[in-house]
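Written out below as structure tokens is the structure these notes cover.
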Amino acid sequence: MEHNYIADIAEFEGKDVTFHGWVYSKRSSGKIWFLMLRDGTGMTQCVVVKAEVPEDVFEIEPTLTQESSVSVTGTVRKDDRSVGGYELTVKDIIVHQVAEEYPISPKEHGTSFLMDHRHLWLRSKKQHAILGIRNQVIKACRDFFEENGFTLIDTPIFTANACEGTSNLFNVEYFDRTAYLTQSGQLYGEAAAMAFGKIYCFGPTFRAEKSKTRRHLTEFWMIEPEMAYCDLDENMEWAEQLVSFILNRCLERCKDQLETLDRDISKLEAVSLPFPRITYDEAVNILEKNGIDFDYGTDFGGADETIISEQFESPVMIHRWPKEAKAFYLKRDADNDDLALGVDMIAPEGYGEIIGGGQREDDLEILKSRIKEHELPEEEFKWYLDLRRYGSVPHSGFGLGLERTVAWITGIPHIRETIPFPRTLARLEP
RNA sequence: UCCGGAGUAGCUCAAUGGUAGAGCGGGUGGCUGUUAACCACUAGGCUGGGGGUUCGAGUCCCUCCUCCGGAGCCA
């Protein structure tokens with residue numbers, strides 16, 4: 001089968017071409033009808049004129065339904081009346097299948113209905129644009145790490161231990177014992193960093209949190225770099241470089257998609273390096289200045305993050321957190337043992353936390369006592385503690401939430417549209 | 001788990017306690033430049049389930065279910 005794509009339509013001006021696709025919509029007007037053809041790479045209008053095609057081709061119109069699969073042959077012509085500037089004067093149409101009545105009409109639908117039809121909703125313009133941007137964000141991450149000497153290390157999905165407590169874990173039967181679905185590749189990433197220096201992992205992670213908000217999924221993807229001989233400040237540099245790289249890539253390569261989504265690009269273009277860095281204490285001050293009665297020592301809520309992010313045009317990094325608010329494996333600040341060397345990056349415009357990370361505790365005895373304090377089973381962290389026995393070094397890393405990053409760049413309010421098939425508290429299908 | 005909101009035609013929504021309606025989508029017909037086309041006609045309903053109040057319930061009360069938004073937790 002010959003393959004030509006609508007995305008390349010300009011190359012075919014004046015020539016005959018066949019596009020294989022689906023009927024997005026059609027309009028009929030007696031002696032002429034129009035077919036909007038979608039082929040996955042783009043859309044173009046096909047014009048069928050009664051006087052210019054065989055009778056049987058013209059007569060196809062009433063039999064076609066939305067999303068019927070067709071191959072359309074015709075001559076590509078420049079025409080300002082057509083969306084995209086080009087259109088196809090039809091010579092022949094081959095119908096592969098006449099679609100049954102398509103549930104998604106061009107008019108409005110509720111999200112619940114659309115999510116029930118997610119397998120079809122993917123064909124819609126906006127969803128197509130969002131997932132196209134997701135693809136570019138992933139590619140940007142891989143390119144960034146590749147260009148900077150990082151090695152991709154795949155970490156396991158089945159794990160025996162929890163890195164941040166067991167309450168949020170999905171457990172699965174694993175022969176005669178229980179395994180958990182990973183909630184982070186970090187601990188394995190630390191092991192790999194000691195082997196390769198700079199690594200990253202990229203994969204799905206699972207959290208059994210009963211969260212019902214626009215920022216949560218039970219299955220989401222994380223990009224987690226881990227660097228040996230790296231302190232908190234360098235860690236923050238890597239984080240801002242990565243996010244800046246991703247953003248610029250999207251601004252360069254996803255103009256069409258951002259336009260389809262009506263994204264206000266000026267807000268994205270306003271982002272500049274270096275990103276602001278504030279301590280946890282400074283963030284609390286911002287909240288208090290804005291009249292929030294904040295409970296010192298706790299993590300920020302969604303509304304708090306929005307207020308903090310509104311103070312800046314670029315993503316803001318909050319570092320040096322009260323130790324109670326952060327995980328056991330974070331190193332403490334040498335100047336204040338009550339502070340953990342963690343960092344969160346908050347996206348602008350209220351999109352919330354997109355990065356969490358920090359410098360890891362590299363001392364064996366301190367780490368052992370932390371595991372004890374947190375009442376975690378030391379036996380399961382035996383291999384992790386080995387990393388502090390055999391050539392321990394200062395090291396840091398972070399996790400970038402892919403879906404939240406895509407939500408911010410696309411300007412989509414709900415994270416569930418940034419992944420092809422979202423898994424939430426109430427949704428396991430389709 | 002808690003707090004709010006919503007379940008009516010395929011979809012999005014109307015309907016003082018008094019005959020269940022519109023737009024879109026579907027069907028039929030018309031139209032040679034339409035862009036969510038337009039015009040005419042047409043089919044389509046166990047008002048989420050169960051119980052109650054009432055002469056009479058989509059509407060009021062109780063209960064269950066489902067979904068949406070938020071909180072907590074987090075990326």
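Order of the sequence lines sets the chain letters (A, B, ...), proteins ahead of strands, with each chain counted from 1.
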Nucleotide nearest [X] (side chain, heavy atoms from C-beta), chosen from [options]:
| X | options | value |
| --- | --- | --- |
| A:Met222 | B:A75, B:C74, B:G33 | B:A75 |
| A:Thr213 | B:C74, B:U32, B:A71 | B:A71 |
| A:Leu217 | B:G26, B:A75, B:G70 | B:A75 |
| A:Arg207 | B:C11, B:U34, B:C74 | B:C74 |
| A:Ser112 | B:G69, B:C67, B:G26 | B:C67 |

hbond_proxy [X] side chain to [N] base (donor-acceptor, 3.5 Å cutoff):
| X | N | value |
| --- | --- | --- |
| A:Glu87 | B:G33 | yes |
| A:Arg404 | B:C74 | yes |
| A:Thr111 | B:C67 | no |
| A:His216 | B:C74 | yes |

*Answer yes or no for this row: A:Phe220 ring on B:A75 base, centroids under 5.5 Å, planes under 30°.*
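A:Phe220 vs B:A75: stacking yes.
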*Whole Å only: how far is the CD1 atom of A:Ile104 from the C1' atom of B:U12?*
14 Å
Assign [X] to base, sugar-phosphate, or nothing according to its heavy-atom contacts below 4.0 angstrom with the strands shown.
| X | result |
| --- | --- |
| A:Ser28 | base |
| A:Ser29 | base |
| A:Gly352 | nothing |
| A:Glu403 | nothing |
| A:His414 | sugar-phosphate |

*Evaluate the side-chain hydrogen bond (donor to acceptor under 3.5 Å, both in side chains) criterion for residues A:Tyr296 and A:Asp281: first the C-alpha distance (whole Å), next the side-chain angles of each, then the deciding distance (0.1 Å), finally the verdict.*
CA-CA 9 Å; A:Tyr296 187 93; A:Asp281 285 14; 2.7 Å; yes
*Please measure how far the C1' atom in B:U53 lies from the corresponding atom in B:G45, and state the result in whole Å.*
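That atom pair is separated by 26 Å.
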*Would you mind checking if A:Lys91 and A:Glu52 are paired as a salt bridge, meaning a charged N to carboxylate O distance below 4.0 Å?*
no
*Residue among A:Arg27, A:Lys26, A:Lys31 satisfying salt bridge (Lys or Arg N to Asp or Glu O under 4.0 Å) with A:Glu61*: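 Of the listed options, the one satisfying the test is A:Lys26.
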